[in-house]
Structure formats: structure tokens, C-alpha cells
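Notes follow the structure.
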Amino acid sequence: MIDLRAARADPEGFRVAVERKGGGEPFDRLMAVDAHWRELIPQVDELRGRQKLKGKPTPEQVEELKQVKADLQRLEAELAEAESEREELLRLVPNPPHESVPDEATGDAEGDVVREVGERPQLADPKEHLELGRYEMERGARLSGSRFGYIVGDAARLSLALYFWALDRVSAQGFEPVIPPVLVREEAMYGTGFFPAERFEIYEIADEGLYLTGTSEVALAGLHMSEILDADELPLRYTAFSTNFRREAGAAGRDTRGMFRVHQFNKVEMFAYVLPEESWDEHERLLEIEESLARELGLPYRVVNIEARELSAAAAKRYDIEAWFPSQERYREITSASNTTDYQARRLGIRYRGDGGTEYIHTLNGTAVTDRWALAILENFQGEVPEVLREFGAPERVRA
RNA sequence: GGAGGGGUGGCAGAGCGGUCGAAUGCGGCGGUCUCGAAAACCGUUUCGGGCCUCUGGGUCCGACGAGGGUUCAAAUCCCUCCCCCUCCGCCA
């Protein structure tokens with residue numbers, strides 16, 4: 001959530017920033033409700049003060065106190081309503097985007113193309129991943145429905161090698177490996193900003209009140225929820241392997257072939273808790289790690305600075321890496337690195353104790369690898385596997 | 001899944017419905033002592049919000065797992081939920 005005090009101090013500035021992500025309307029309502037709340041709170045505080053006694057009241061005092069109680073009940077009800085309205089609106093207002101985030105895309109990308117790296121392979125008739133590896137889509141659909149598949153044989157070995165390779169490289173950069181829960185409570189979903197904005201994307205276990213995470217970002221952000229960390233133990237960096245579940249409800253008809261967009265996939269994710277003044281450096285650092293992974297495999301890619309309206313509620317800025325997919329003749333997203341600044345930390349109550357008292361930390365997340373990387377490897381190298389993955393169990397060549 | 005017990009400050013652990021934001025111990029911080037340190041002694045030590053402010057702070061309100069309720073008044077009584085522990089059952 002946003003910093004209410006900062007918003008009060010500069011409502012016009014906030015309004016402009018938040019409107020870039022389409023959050024102007026809830027922001028206006030938030031400011032109105034907050035003003036009402038601030039009118040009520042001193043009145044309620046005053047009455048509560050009168051209600052406090054040192055010892056047993058005389059009968060006359062009890063009569064007086066009953067009147068105080070009546071007034072208080074009325075005002076407190078009004079206050080409670082203002083508070084719950086404010087809560088609700090606070091959940092709706094997105095994190096303002098950073099100044100460096102563009103408003104308009106330059107070309108075919110969902111933002112500004114920062115750079116293109118590597119050479120696209122010259123392939124006369126590129127095969128797609130379904131021809132190159134054994135991905136059992138029809139059997140997957142028979143078992144679980146559309147957008148489910150089995151990854152079998154060499155393709156499975158390739159994916160497993162990718163996870164281990166990525167964990168190796170990322171943990172060498174100081175990220176602690178984690179295997180997190182993938183079922184979480186509603187509060188973790190709200191805390192990370194996936195609720196209410198992206199509720200439609202999330203699978204729910206209604207009986208238990210639990211939700212399947214679409215990314216281990218949720219569990220990694222939740223790892224320290226409602227904690228006060230020591231400034232000198234920051235930054236905290238984690239990397240998690242997990243299976244991710246997404247309903248892909250907004251993607252009807254898109255990417256329906258093969259394993260490209262499925263309801264269940266595996267991912268190695270990076271997550272960092274940092275001091276506020278360090279988060280923009282950390283964001284660049286996450287991007288650099290992601291790029292180093294793509295470069296080490298020799299994947300042709302480009303980096304995109306995502307435009308404001310495409311950012312999630314939580315993200316103040318986001319870089320995607322898009323790999324070239326020869327069969328589609330275009331770049332497609334394979335990673336995403338976001339600086340959520342203090343937005344998740346506020347919602348989850350994650351602070352640190354420094355010299356100037358307690359303050360909210362900043363959180364960031366970024367993809368290391370996903371199953372989609374295996375598809376990019378297959379398509380760009382037409383079945384050949386980069387040498388570096390062999391020692392992690394990948395086959396020399398993937399056969400369907 | 002069944003049966004019990006319990007959730008209080010960084011930790012441990014008290015707390016007749018009012019004078020309790022909360023005893024005490026440990027830890028932390030500052031000081032005295034010391035060449036220095038330890039010990040001892042003295043002091044200090046939660047978080048959030050509103051308003052004021054000479055930006056040091058002041059003041060009032062809220063918070064004893066969470067949310068409701070009873071009461072003039074709740075850490076203390078009642079209800080719901082969450083979490084932890086013990087025993088039994090089940091299980092990779």
C-alpha cells in the first residue's frame with residue numbers, strides 16, 4: 001500500500017503518479033475518506049479519554065459515563081466505517097511508478113526496449129518445441145484439462161538441469177536457496193498485492209481457505225511478514241524453486257500451443273529484502289543476474305522497461321527479459337524483475353530497525369529460470385543443449 | 001481425525017474487571033568504577049495513530065494471537081477464528 005502520510009503531504013503529486021497506472025479514481029476516494037477519518041479521530045480520542053477513570057466511579061459519575069458511552073458508540077461506529085472504507089481503498093491504490101518508467105511503448109514491446117543482446121539464429125525452417133522435445137499435451141489434457149502437459153525424457157532432464165544450474169549460479173550471488181509452500185492464506189495474497197487486483201488468476205482451495213501461488217514471490221515475501229529486521233542483517237536474499245499455478249483466465253485463445261503458457265510450471269525465483277536507499281541498485285543487480293544467465297546459455301534476448309499501465313499493482317518498475325523464439329519469429333517474456341519498493345512491506349508489516357527508528361524495507365523479485373527457458377533453448381538451438389548444462393544433468397541433445 | 005493444555009514486551013515469566021503498557025529476571029543501550037575489560041552499582045529500553053512542535057520532543061488515543069460481545073470500565077468474563085504444545089490415530 002502507499003504511504004498515507006506522504007500522500008497527504010503531496011496529494012497532487014501522488015494523484016498524477018498513481019493515475020499513470022489507472023489508480024487516480026480510488027486515490028481520490030481514499031483522500032476523501034481519509035479526511036473524514038481525520039475529523040473523527042480527535043473526537044473519539046477525546047471521549048475515550050473521558051471514559052478512563054482511576055478508581056470506582058460514584059453513582060452520578062456512572063450516569064455521566066453512560067452518556068459518554070452513548071456518544072462514543074455512535075462516533076466509533078462512524079469511525080469504524082471510515083476505517084474499513086479506507087482499508088479497502090488502500091488496497092486498491094497501486095504503487096506509484098518510478099520516473100524512469102515509460103508511459104508509451106516504443107514499438108511492438110510492452111515498454112521501452114533497453115537493449116538487444118546476442119544474435120538470432122538464421123534458421124530456414126525452425127522447428128517448434130513440440131517437435132523438438134517430448135511434451136505430452138494431449139495426454140496432459142486428458143488427465144487435467146487444456147493447458148496441462150507432461151514434460152518427458154530428455155526435455156524433463158533439460159528442465160531439471162536448468163533449475164539446478166540456476167540455483168547454483170544465483171546462490172553463488174548470495175541468494176539462499178528455499179523450497180517454499182505453494183499453498184498460502186488469503187492475507188499473503190493481499191500482502192503481496194496479488195489480491196484484489198489479480199484474484200481471477202489464482203486457484204483457490206475453498207474448503208481450506210488456501211490459495212495456490214502463481215509465483216514463489218508470495219511465499220518469499222511472506223517469509224518475514226510482520227517482522228522487524230535488524231538493519232545490519234539486510235539485505236536478505238533468497239532464491240526459491242517452486243511449482244507455480246495460474247488460471248490464465250485473461251489469456252483465452254493466446255499461446256494455446258504446447259507448453260508455452262500452461263496452468264502449472266516450475267520456476268526458480270530470486271527475492272530480496274533491502275534498505276530503501278538500496279532498492280534501485282538492487283533492481284539493476286537482479287536484472288544483471290538474469291541477463292548473465294541468458295548470456296551464459298547464449299540465448300538472444302532483449303530487455304524491456306515495462307510501461308506504467310502494464311505494471312502490477314505492487315511494482316514501481318519492472319524489467320522483462322524477452323528471448324527470441326524462432327518459431328514465433330518474435331521475442332517472448334522469459335523473466336521479469338520488479339522493484340515493489342515498500343508496497344508489499346507495508347501490507348505485510350515488514351520493517352527494519354535502523355538509526356532513525358523502524359522503517360519499512362523494500363522488496364524486489366526477479367525470475368531466474370522457468371520451464372519456458374527450456375523452450376527457448378530448444379527453439380534457438382534446435383535441440384542442441386548448451387555445454388554448461390551438461391554437468392547439471394542435461395542431455396547433449398534433446399530428442400522428442 | 002480424536003482428547004487435553006496454552007498464546008502477555010527482544011527472550012523467559014507474573015498479572016483480585018478499575019490505580020496495568022503491564023511486576024520480576026535475562027538480554028540490549030548509556031553511565032559510574034577501571035590502564036582496559038569483567039563483576040558490581042545507577043539509569044534506560046514496545047509498536048501504531050491524531051494533534052502540537054524550538055525536529056530534541058511534548059501531549060492524547062489505541063494495541064496483552066485476531067475479530068466480535070458483556071460492562072460506566074476488559075490482558076482479566078463470554079463467543080468465533082488463527083496459531084503453538086502434549087497424547088492417541090493416520091501418513092511420504
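Below, chains carry the letters A, B, ... as their sequence lines are ordered, and counting in each starts from 1. Side chains included, hydrogens not; waters and symmetry mates left out as well; all remaining heavy atoms used.
- Within the shown strands, nothing qualifies as a pairing partner of B/A39 under the Watson-Crick or G-U definition with both distances less than 3.5 Å.
- In a base pair of the Watson-Crick type (N1 to N3 plus N6-O4 or O6-N4) or a G-U wobble (N1-O2 and O6-N3), with each distance short of 3.5 Å, B/A74 is matched with no nucleotide.
- Partner assigned to B/G27 is B/U45, using Watson-Crick or G-U wobble distances below 3.5 angstrom.
- Which of B/G50, B/C61, B/A73 sits closest to the side chain of A/Arg48 comes down to B/C61.
- In B/G56 the O4'-C1'-N dihedral to the base is within 90° of 0, which defines a syn nucleotide.
- B/U86: Watson-Crick or G-U partner is B/A3, with both key distances under 3.5 Å.
- Atoms CD1 and CG, from A/Ile151 and A/Asp371 in turn, are 4.0 Å apart once rounded to the nearest 0.5 Å.
- Aromatic pair A/Phe175/A/Tyr238: ring centres not closer than 6.0 Å.
- Looking at heavy atoms from C-beta onward, A/Glu284 lies out of side-chain contact with A/Leu286 at the 4.5 angstrom threshold.
- Of the candidate nucleotides B/C61, B/A73, B/G50, B/G50 has the atom nearest to the side chain of A/Ile41.
- For the pair A/Arg247 and A/Phe200, the NZ or CZ position fails the cation-pi test of under 6.0 Å to the six-membered ring centre and within 45 degrees of the ring normal.
- Mapped onto RNA chain B by nearest heavy atom, A/Arg351 and A/Arg8 fall at different nucleotides, with A/Arg351 at the one closer to the 5' end.
- In this structure B/C51 sits in a base pair with B/G58, meeting the Watson-Crick or G-U test at under 3.5 Å.
- Nearest to the side-chain atoms of A/Lys69 among the listed nucleotides B/G62, B/C51, B/U71 stands B/U71.
- The residue among A/Tyr360 and A/Leu65 whose nearest nucleotide of RNA chain B is located toward the 5' end is A/Tyr360.
- For A/Arg185, taking side-chain heavy atoms from C-beta onward, the closest of the listed nucleotides B/C82, B/C72, B/C51 is B/C82.
- Annotation: side chain of A/Phe381 is not in contact with side chain of A/Pro121 (no heavy-atom distance under 4.5 Å).
- For the pair A/Glu83 CD and B/C61 P, the interatomic distance rounds to 17 Å; values are reported in whole Å.
- In this structure, B/G17 forms no base pair with any nucleotide, since neither Watson-Crick nor G-U wobble geometry is met with both distances under 3.5 Å.
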